[in-house]
Amino acid sequence: MNNCLPINIAGEWRDGRGEEYATTYPATGEEVARLRAASVEDVQEAIEHAHHAFLQSDWARRLPHQRADVLYRVAHLIRERAEELAQLQRQDNGKPISETRALVASAAGTFQFFGAACETLEDIITPSRGEYVSMSVHEPMGVVAAITPWNSPIASDAQKLAPALAAGNAVILKPAEVTPLLSLELARICEQAGLPKGLVSVLPGKGSVIGDVVTRHPLVKRVSFTGGTSTGKHIAAIAASKMMPVSMELGGKSATMVLEDADLDHAVAGVLFGIFSSSGESCIAGSRLFVARRIYDEFIQRLVAGAQALRVGDPAAESTQMGPLITASHRDRIERYVAMGVEEGGSIRTGGVRPSGGVFERGWFYTPTIIEGLSNQARIAQEEIFGPVLVAMPFDDEESLIEQANDSVYALAAGVWSRDFKRAWRIGREVQAGTVWINTYKQFSIATPFGGWRDSGLGREKGRQGIFQYMEQKSMYWGTNEQPLAWACIQGGKQ
Ligand code: NDP
């Protein structure tokens, strides 16, 4: 008997023609679902069908408030099924239930926001310099692709799907191979909300096999990618060869800076949340910590005590703050980084081991880890670990602080903790990063653009303008002249 979960190819729910594989619950290693991945042929079929659906359905031509209606229904359906989706997301990637509930709520909010943005977005009439009315308008692109990672599937899918659909496009969604379940549910919800059939396909499978096919396909007019920097660069190179716009939400090694006048209660809580929530599997994790030398010892002592008090464990338990890591191989990679940090001369102040006994015997758990004694040049201070590992360093003055904070190929986010609002503002402006939090960390509004500088990415998601990422801009001139254009006219107005 075929017990594979069907996937959504070209508007049909069926098995892919790729390899059969199982997804597993990171907390226990148990199988959650079995699927047949999409094959190269499936991808081609889905893209051609999406192109057809874009041209033949009325989606792109619906009035903005009519498209918005569907997006509002998606938001409503997500909210109706919120608890079920949050539990499924927990099983899909092992995040604690309190966190997956927040991700589901954020996905609903994203559809609602882009519905509202869709129906209130304005084109502009530009100042005329002749006998015409000139306008700048926007058109949908056609088929766009969204490629997403495993760490927050429902939220990162929504951040791409909602604006792309609001803009009137068809979407090919390629989730991470290990976490396809929420993407498939989102496709079902879109269908139920009244989205024309075939406008969205969800294609689970290996990125290295089908991701390239998606990116290279001539009918795909834009790729919106969230994932690692090296994959992003690979996709951007393909995009350049076909002159295709891309947006890239990539890795990070974000600096958190605690000044001597910081409110230490707030700073300790913020730094712990910044690095250890989501088990550090977060692009914006505050993984490099700079603390003013005068308060360094006291601060690290409090931070270590806070890290040791974190509740690591069963993601289904309401009180759990840190669940397991995504896979056994990802945990191995984190362990290699920690060993490298020690080889480089660092000392582990806390963590650096797998917890043992009980629930920890089966899943891919790792303790919150703080390493000190290294310079900002150490590899573990420069490379993205994507796990619960914090590198802590003292700093002496503002100039060296900013120099070190900016000394990274990444520039995704930064945090400043200080009671001196002028100094915090100055540092906030000097630090190079797509997002700066002052006296808070990891807070997000869907209305505020998000993205990185340098190796952390290209383009911005979120915000009303986020819809324009999925549209082509067009200038229109509408003649209002009473006489024919003068150049081609002979005297008296006759040719
Ligand atoms: P990857 O880059 O390995 O994968 C991301 C997605 O790309 C997956 O769906 C993957 O598929 C797919 N992919 C892999 N190879 C290709 C290819 N050649 N062509 C097209 N698609 C491909 O990243 P991870 O999954 O390891 O995610 C972690 C990374 O994501 C971290 O570096 C993190 O910083 C970054 N990230 C950035 C965020 C941001 O907003 N800036 C937010 C969240 C994460 P498959 O899994 O099937 O291989």
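Numbering of ligands and ligand atoms starts at 1, following listing order. Sequence positions, counted from 1, serve as the residue numbers for this chain.
In this view, Arg349 and Glu372 satisfy the salt bridge (charged side-chain N to carboxylate O under 4.0 Å, His left out) rule, not counting sequence neighbours.
Relative to the ring axis of Trp364, Arg354 does not place its NZ or CZ within 45° and under 6.0 Å from the centre.
Contacts classified as ring pair (Phe, Tyr, Trp, His ring centres under 6.0 Å) and involving residues 140-191 (residues at least two apart or in different chains) are given here: Trp150-His330, Trp150-Phe386. For residues 432-453, every residue pair satisfying the ring pair (Phe, Tyr, Trp, His ring centres under 6.0 Å) rule, not counting sequence neighbours, is listed here: Trp437-Tyr441, Trp437-Phe444, Phe444-Phe450.
With respect to Lys442 and Glu99, no salt bridge is recorded, no charged nitrogen being found less than 4.0 Å from a carboxylate O.
A donor-acceptor pair shorter than 3.5 Å cannot be found between the side chains of Ser241 and Arg216.
Protein residues having a heavy atom under 4.0 Å from any atom of ligand 1 are Ile147, Thr148, Pro149, Trp150, Asn151, Lys174, Pro175, Ala176, Glu177, Gly205, Lys206, Gly207, Ser208, Gly211, Asp212, Phe225, Thr226, Gly227, Gly228, Thr231, His234, Ile235, Glu249, Leu250, Gly251, Cys283, Glu384, Phe386, Leu412, Phe450, listed by chain and number.
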